[in-house]
Amino acid sequence: MILYTSPLACSCAAHMILIELGLPHEIKFVDIYAQPHALVDDGQIYASVNPKNAVPALRLDSGELLTEIGVILQYIANLKPDAGLQPKAGSLAHYRVMEWLSYVGSDVHKTIGPLFHPHMPETAKEIHRQNLKRRLTYVDEQLAHRSYLTGETFTVADAYLFVMIGWEPYFKFDLSPYSNLAGFHARIASRSSFAQMLESIASVLERMKLPVFPSMKSS
Ligand SMILES: N[C@@H](CCC(=O)N[C@@H](CS)C(=O)NCC(=O)O)C(=O)O
């Protein structure tokens with residue numbers, strides 16, 4: 001398996017899960033800040049690998065390419081179902097994880113993305129910030145009763161949200177009112193898969209002249 005990822009992007013969640021499960025894999029880093037996006041190692045134009053031109057993408061051993069973070073996370077988790085990062089297919093618990101993957105993808109991730117855009121007008125950013133506040137308030141309330149999004153067990157949906165809220169220092173949005181979210185972030189930041197992922201991206205961050213992997217101020 002080859003994971004195409006970028007060292008600060010949502011694809012870091014898939015990178016963490018590959019490490020978490022100890023699955024053999026190769027990582028190919030993509031410079032998504034370069035136009036056109038290109039592979040860091042050999043400069044190959046990334047659109048020739050993934051015409052959607054976004055990370056992550058997963059090249060399966062069969063040669064097929066799988067895209068979309070919510071699907072890639074589930075695919076990887078299902079390679080080691082006993083680890084419990086994705087409950088049994090068809091169970092309600094499985095749909096709960098999918099429910100969160102969908103919410104994090106469409107309502108959190110895609111609200112934060114525009115806040116990074118250098119040409120997005122401030123008035124539009126403010127609308128996104130208000131939406132984000134509402135959505136994170138909901139997430140924070142849910143986390144008042146449990147350690148992870150679906151209960152007491154860490155799943156792939158948690159890995160996705162973890163990476164999103166770690167972007168806080170870059171999208172200039174104060175997460176300090178969301179205390180449950182801070183606890184959630186700290187719990188996941190202490191997993192060894194996170195430390196190993198940081199180690200794996202460190203030299204590429206330097207090479208791409210990117211800042212260190214973001215982390216919530218409180219953790
Ligand atoms: N629909 C894709 C979107 C993934 C996505 O937004 N990736 C961002 C990084 S977090 C990206 O590659 N951005 C580069 C670009 O869109 O040019 C998915 O869910 O995997």
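Just so it is clear, the model here is predicted, and its values are computed rather than measured. For ligands, and for the atoms within them, numbers begin at 1 and follow the listed sequence.
Looking only at heavy atoms of the protein, atom 16 (O) of ligand 1 is closest to Asn53 O, 4.3 Å. The protein heavy-atom contact nearest to atom 4 (C) of ligand 1 is Val55 O, 3.3 Å. The shortest contact between atom 13 (N) of ligand 1 and any protein heavy atom is with Ile32 CD1, 4.1 Å. For atom 20 (O) of ligand 1, the closest non-hydrogen atom of the protein is Ile69 N, 2.8 Å. When hydrogens are left out, the protein atom nearest atom 10 (S) of ligand 1 is Cys10 SG, 3.1 Å; that is the closest non-hydrogen contact.
Proximity to His109 (heavy-atom distance under 4.0 Å) selects the following atoms of ligand 1: 5 (C), 6 (O), 10 (S). For ligand 1, the atoms closer than 4.0 angstrom to any heavy atom of Pro56 are 20 (O). Counting the atoms of ligand 1 from 1 in the order shown, those under 4.0 Å from a heavy atom of His37 are 14 (C), 15 (C), 17 (O). Atoms of ligand 1 found under 4.0 Å from any heavy atom of Lys110 (numbered from 1 in listed order, with element): 3 (C), 5 (C), 6 (O). Close approach of ligand 1 to Ala9 is summarised as follows: ligand atoms under 4.0 Å from at least one heavy atom of the residue are 9 (C), 10 (S).
Proximity annotation for atom 2 (C) of ligand 1: of Lys52, Gln35, Glu68, Glu68 comes nearest, heavy atoms only.
The backbone N or O of Leu149 sits less than 3.5 Å from a side-chain atom of Asp158, completing a donor-acceptor pair. Remark: side-chain polar atoms of Asp140 are not paired, donor with acceptor, to backbone N or O of Leu136 under 3.5 angstrom. Judged purely by atom type and a 3.5 angstrom limit, Glu152 uses its side chain to pair as donor or acceptor with the backbone of Ser147. A donor-acceptor pair under 3.5 Å is formed between the side chain of Tyr46 and the backbone N or O of Ala54. A donor-acceptor pair under 3.5 Å is absent between the side-chain atoms of His94 and the main chain of Leu92, judged by distance alone.
Judged by the 6.0 Å and 45° rule, Arg191 forms a cation-pi pair with Phe154.
Partner of His109 under the ring pair (Phe, Tyr, Trp, His ring centres under 6.0 Å) criterion, chosen from Trp167, Phe116, Tyr103, Trp100: Trp167.
Between the side chains of Glu168 and His185, no donor-acceptor pair is found at a separation under 3.5 Å.
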